[in-house]
There are 2 protein chains.
Amino acid sequence: MTTLITTFSALADETRLGIVERLMAQGELPAGDLVSDAGISGPAISRHLKILREAGLVSQRAEGNKRLYSVRPEAMRTIADWTMDHRKFWEAGLDRLEALLSEEEHG
Amino acid sequence: MTTLITTFSALADETRLGIVERLMAQGELPAGDLVSDAGISGPAISRHLKILREAGLVSQRAEGNKRLYSVRPEAMRTIADWTMDHRKFWEAGLDRLEALLSEEEHG
DNA sequence: CATCTATTTAACTTTTTCGTTAAATGGATG
DNA sequence: CATCCATTTAACGAAAAAGTTAAATAGATG
């Protein structure tokens with residue numbers, strides 16, 4: 001499976017997208033904090049975190065008892081790059097952005 | 001399911017991502033042309049196309065016997081917008097782009 | 001060191017996804 | 001109008017995904 005498909009798969013789930021968005025908004029958080037709000041059990045969150053980890057979307061670091069998670073920018077870049085590669089398909093009509101990007105292209 | 005999750009789900013499959021990329025590269029194509037290369041049966045492709053259609057990623061138009069498919073820019077924008085909303089997480093170190101976007105921000 | 005807290009792994013179940021082949025639908029053509 | 005071609009829908013099976021509870025692991029603490 002390509003990196004891109006792995007990344008899309010990882011984000012194609014409400015719980016996981018929620019985790020990633022929350023980590024982006026609030027920064028590094030322990031696994032336990034993510035359990036509280038998700039409405040599912042600890043083990044379920046743990047497995048989601050594993051999927052996100054294996055997809056390279058989050059990184060984990062130990063601090064005593066806890067496991068602190070945070071978003072890895074590189075993974076977000078995978079999507080950003082793909083999006084940019086195909087911008088011809090979505091930029092139509094976005095005048096300012098279009099001008100901006102064509103500036104970028106031409107010098 | 002949010003639009004974003006639907007979009008990610010639609011692209012989280014090798015066959016479907018392949019279809020979308022091919023349609024972006026070659027423009028509008030009949031369903032039959034997409035079957036040939038994918039290595040799976042017609043009905044399988046047909047179901048993938050339905051998923052892409054329902055996710056808003058492609059549009060269909062009839063021409064006689066055939067069904068011509070193409071990519072819908074709006075769907076690509078869904079991803080682009082999300083990516084842009086969170087660019088702080090992936091732009092670090094991309095000096096030129098960073099400068100460019102901060103220009104955009106400040107006018 | 002017994003135990004509490006935080007998290008993960010194991011075992012199991014249910015639901016979803018994705019493929020297949022066979023049948024249906026609908027336009028084009030001898 | 002009988003049939004061909006392009007595509008979709010139906011019916012079914014196998015594999016993967018996502019949840020649950022129970023047990024295991026590991027650091028912190030009385």
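All chains are named by letter (A, B, ...) in the order of the sequence lines, taking the proteins before the strands, and each is independently numbered beginning at 1. Side chains included, hydrogens not; waters and symmetry mates left out as well; all remaining heavy atoms used.
Nearer the 5' end of DNA chain D, as judged by each residue's closest nucleotide, is the contact made by B:P30, out of A:P43 and B:P30. Annotation: of the two residues near DNA chain C, B:A12 and A:R67, the 5′-most nearest-nucleotide partner is A:R67.
A donor-acceptor contact shorter than 3.5 Å links the side chain of B:T7 to the backbone of B:T3. A donor-acceptor contact shorter than 3.5 Å links the side chain of A:R16 to the backbone of A:S9. The backbone N or O of A:M84 lies less than 3.5 Å from a partner atom in the side chain of A:R87, making a donor-acceptor pair.
Bracketed by its first and final contacts, the part of DNA chain C lying under 4.0 Å from non-hydrogen atoms of chain A reaches from C:dT5 to C:dT9 in 5' to 3' order.
The interatomic distance linking B:L68 (CG) with D:dT8 (P) rounds to 11 Å, in whole Å. Put simply, CG on B:D13 is 17 Å from P on D:dA15, counting in whole angstrom units. Atom CG of B:D33 is separated from atom C1' of D:dC5 by 14 Å (rounded to the nearest Å).
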Pair A:I40-A:H48, side chain to side chain contact (heavy atoms under 4.5 Å, CB included): steps then yes or no: CA-CA 11 Å; A:I40 58 178; A:H48 281 304; 3.9 Å; yes

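The side-chain heavy atoms of A:L49 and A:Q60, taken from C-beta on, include no pair separated by under 4.5 Å. Side-chain contact check for B:I79 versus B:L11: some heavy-atom pair is nearer than 4.5 Å.
Residue-level contact check: A:A44 touches the bases, meaning some heavy atom is under 4.0 Å from a base atom.
Heavy-atom distances under 4.0 Å link DNA chain D to B:S46, B:R53, B:Q60 of residues 45-60 of chain B, given in residue order.
Between the CH2 atom of A:W82 and the OG1 atom of A:T78 there is a distance of 12.5 Å, given to the nearest 0.5 Å. In this structure, OH on B:Y69 lies 13.0 Å from CG on B:L57, to the nearest 0.5 angstrom.
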